[in-house]
Structures are given as C-alpha cells and as structure tokens.
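What follows is a single structure, written as structure tokens, with notes after it.
Owing to the predicted nature of the structure, the values given are computational and were not obtained by experimental measurement. Naming: A, B, ... by sequence-line order, numbering from 1 per chain.
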Amino acid sequence: MVFIGGYMSELHNQRMKRREKLRKIKELGFDPFPTKWNYDYLPHEVHERYSSLDRGSLSERDIRCRVVGRIIAKRGHGKLIFIDVSSGKDKLQFFIRKNNLSAKEQALLKLLDIGDFIGAEGKVIRTKTGELSLEVFSLVIISKSLRPLPEKWHGLADVETRYRQRYIDILVSNEVRQIFDTRYKILFAIRSFLNDKGFIEVETPMLHTLATGAAAKPFVTHHNALDIDLYLRIAPELFLKRLVVGGFDKVYEIGRNFRNEGVSTKHNPEFTMLELYWAYKDYEDIMDFTQEIIVHVLEKVIGQKTVKFADLEIDFSTPWNRVSLKDSLIEMGGLNRKEIDSVESAKRICERLGLEIPEDYSYGEVLVALFEELVADKLVNPTFITLYPVEVSPLAKRDPYKSGFAQRFELYIGGMEIANAFSELNDPLEQANRFKEQLAKKKEGFPLDADYLRALEIGLPPTGGLGIGIDRLTMVLTGQISIREVILFPLLKPKQEEDLADIDGLI
RNA sequence: GAGCCGCUAGCUCAACAGGUAGAGCAGCAGACUCUUAAUCUGCGGGUUCUGGGUUCGAGUCCCAGGCGGCUCACCA
C-alpha cells in the first residue's frame, strides 16, 4: 500500500486494489494481457443475429459461441451474476451461474472489475425477463483495467476532464460517441458525393514556405536540415489552384488548417476544411453545388430537414435564401439604402451603433463590419450572402456588373460562417496588383507568392472555388454550440505536472 | 488578451449566516439462483485546485496564481 503524507488516498486505494487483483489473476495462471483470444461475436453482433428469436426457440437451438467485450456493469445475485459487456455499441448481458464455472474461473470472477475486457464461451439465451444474454460456461480475462471509471449513471460531467481524457468521455457517453460517429459519416458522405461527381481528392503540403491563401497569423516551425522557417498552412487554396492550372479540373482536399489566433466556441487553432475547385464554373454554379453537397449530407446522415441548435431550430428546406451583402444590411440589418451609399454615411452608422472601426477602413470593409454586427447572428437558416467587397476578397474575381464587388459568397447557418466561395481571380496581372495592394496595407498573411503568379500566367481557366468548415458544419448538423464538442482532442493548455503526479508507481 | 462564473472522495453532487466536511454510485467484507441505476447489512476512503492573509476558528471572507466554462476582441 502506498501512503502519502500519512493518508492513503482513495485514488490509490482503488488503483492499488486493482493492481493487487492483477497480481492475483496472474497467480491463478491467467495471462491478464494476452495477445488475442479468438471469438465469434462482439456483443452487438449477438443482438444483430439473434434478437428475433424468442426464449423457447433459443433454448431449443442451443447456440454456442464465444463473445468478447468490456465489462460496463456488474450485478451480483448470490450464485447468479449478471455482467453487462459492451464493445461500444449495444451491450450484451453475460448470465453467469457460478456453479457452471471451474474453481479457477470462479476465483477470476471475483477479481474482475468494471472496465476489464473479458471473453466468454456460452449459450445464447433469454433470461426470465426476456433479455438476450450469454449463459457463460467458461471465462477468461483478455485485458485488465487498472483505474476506476466514472459513475455509471451520471457519467463524466466535468468538461475539462471530458476534453483532456476523451477516451473516458467516449467510453461512458453514448451521446458523445454518437457525435463523432456522425462526424465520420458527414466526411464519408461528402467524399462519396464528390467522388461520384468526378472530383479527385488530393493532398497538398501542410508545411508552407509562405503562409498564403487566407488572412490569418500562422504557426511557425523550423526545418533543421534545410535550416529554414516553415509555416503550418493557413489554407491550401493556392496549391489547389495550381493543380487546376495543371489540368485537374475537379479537385478537392479535406484537411487540417492551422491558424495562430484566439480560441473560442467557434474557433480551434487547428480545424478541418474542405476546399474544392471546379474548372469552367463560376460562383453561382458553386452556390448551387454547395447546397447540393450539404443537402446530400443531410439526407444521408441526419435524415430530416430540421436540426435543433441551442434554443434555435435550423430549417434546411431548399432553396436557400440568397441575398447580397449590401441588401442584407437593408433587409435584415434594418438600415436604409442611403445610409450605406457611401463610406462617410456608413461610418456614421458605425458611430451611431458604437461600433469601433479603424480610421482607414474602406467602404467595403465598413460594410463587412456592419454585416457582422447587424446581420450575421440572425442568419439561422442556411443563407447565401453574395457579392463581397473586392478589397476583402483578394483572390476573387470582380463582378463585371457590380463595381467594387467580387463574385463571392459566404454561407451562413446557425449564425456562423460555414462556407466561403468565389469565382477565382485568374487574371495574373490583376492578381499581382491585388497582392501589391495587400502588401501596401501591411496586412499579415499575404506575402507575395511569385510562383503562384507564374502559375496564373501559364493559365487558370475560369474556375469556381469553395471552402467548407467541416467542424462547424458538424456543429450545426449535430446541434452542438461549441466546436470542442465536435473535435476529438481540442487544444487545451497542458497540465503536465499534474499528469506526472497522477501516474506515480507506473514509471 | 479582458470581464464574469466555476474547481469539495475515483465519479455525480451536498455543506443555511465563518463553527466537527456529507450522500449516492464506485471500492472492501458479508447475504441473496433471473438481475438490469438490482436489493439488504457493515466498513474504508478528503492537502475542499495551489500559495499567502484575516480570524479563537476558513470549503465558506480577502489577495495572488493555476486550469476550465461562458461572453467580448483577432480569426473560419
């Protein structure tokens, strides 16, 4: 027994008891950590196969099999013992008559804890209450758990522990497990949809020599052998368009972007983006396509047209509303057209609202600031906001009819920006000028990518491009209001010292 | 980075106004041949996040720090 400062902590109490049991299990001649144990079914597979059979026919058919799984509950009842065993899906009850086991197995039974993995050979039955069960004739341990799990009823509620020790969270919470299952299905549905449409999935570098493709602070790292600084990518955009130059007419990439910015319920420093490029299409085609993709995902994964999100209900019924940024300020922001006709009047609105903006903000930048203040939160049902100011869209093509605005849209759902897309700027001379303007403004995130300009000179066809934030899409589809609920291991400050103190006796 | 809130047994939570830190689950010992949040009897388990301070006395009040949650700002 281990004593700390005169006390034996409860943690040590329960952990030491389990280590003691481990030792006794070995003494009995069991290997508590065998390489494997051949089985016929996982617990949920027994349900899948035999749930249609009633008590009598199960008894008659005498189905013998071997089942493995993890103990999630134990109910002793004298010479009868009920053990719930799970492999993450439906649990199966092991029905054990002590008298059916050898003395050695009975000794093992006493040493089993919740969390242990076991294997059993037995007969599929229904108990008197009708529950499908395995009546156990022989029993082995296949992995020992040396720490107590959270309480069976309330589970793990401490948010910090849930994120830091996600292995426990997904082990004890079906709801949490479900979210990540859904996330996988969303990705699967997107991929199969795009693949069916003839898109190819590519992988471009995550280590960049220039942090381009978006306006964000990058993470910096260093390559020792080449002795150069590198940036974790903030966006794959320019690489993907190089591929369109090279003749990949329909490409996409799903992968991690890294942005060295604040953390919030809508932001994680690393997040997953779908970026897609489609040659010979423009932003309106991409708008149709975006709606198609998400509706497809909704049908395949969610199966209904509405989703609860916080205290709101999101209605995905099509067609989704399309409104220009400027019109949205009038229709949803409560402003009149005259108020946003010029920089001066628009800035006066900001003043009136108490919205602080930099002195040198351009007309377009003020419009975007007003949009974010007055409109964005209100866009609960999917809404396309179109025609963004050129100066905030350095990689997008100008709209030929709306001077000062680019052929760009953002998709808002649940008050969040979910997608961003445009007709790609493919005029190398104008692109060079836009880069120069960005540099002149000393905006971070737009170092001049000369090779990209060279690629444009080779020739980019008219192309529509799209980015969808997968984490946020998962949020709105699973009704989660914090991005950390849809990321398995969200970034938290480390607690290394506490962790080391907590594993004493192991190393 | 700023503001507000939180941190008590392995887990979920109590502790009125500053006055002996409790319960359920989990654990241990025992009873029980159809339970399923099993039940019943008994027992063990606490540096109340950390460090200072006020006080006869601090989980509770004050100060500093740590971590987390929410809101705001940068950003998708």
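Taking only side-chain atoms of Lys152(A), from C-beta outward, the nucleotide of U35(B), A26(B), U12(B) with the closest atom is A26(B). Comparing atom distances between the Pro148(A) side chain and each of G69(B), U36(B), G10(B) picks out G10(B) as nearest. Proximity note for His77(A) (side chain, C-beta onward) versus A37(B), U12(B), U35(B): the nearest is U35(B). Among the nucleotides U36(B), G68(B), U33(B), the one closest to the side chain of Gln93(A) is U36(B). Distance from the side chain of Thr265(A) is smallest to U71(B) among A26(B), U71(B), C11(B). Counting only heavy atoms from C-beta on, Arg75(A) has its side chain closest to A38(B) among A38(B), G68(B), G27(B). Counting only heavy atoms from C-beta on, His154(A) has its side chain closest to U12(B) among U12(B), C34(B), G27(B). Distance from the side chain of Leu492(A) is smallest for G69(B) among the nucleotides C11(B), G69(B), U36(B). Of the candidates C28(B), U35(B), G69(B), the closest approach to any side-chain atom of Thr127(A) belongs to U35(B).
G27(B) and C11(B) are spaced 15 Å apart, taking the P atom of each and rounding to whole Å. Comparing A2(B) with G18(B), their P atoms sit 31 Å apart, to the nearest whole Å. To the nearest whole angstrom, the two P atoms, one in G66(B) and one in G30(B), are 49 Å apart.
For the 3.5 Å distance criterion, the side chains of Ser482(A) and Glu485(A) fail to qualify, holding no donor opposite an acceptor.
Among the duplex regions that RNA chain B forms, those built from at least three successive Watson-Crick or G-U pairs under 3.5 Å are B:1-7 with B:66-72, B:10-13 with B:22-25, B:27-31 with B:39-43, B:49-53 with B:61-65, ordered by first number.
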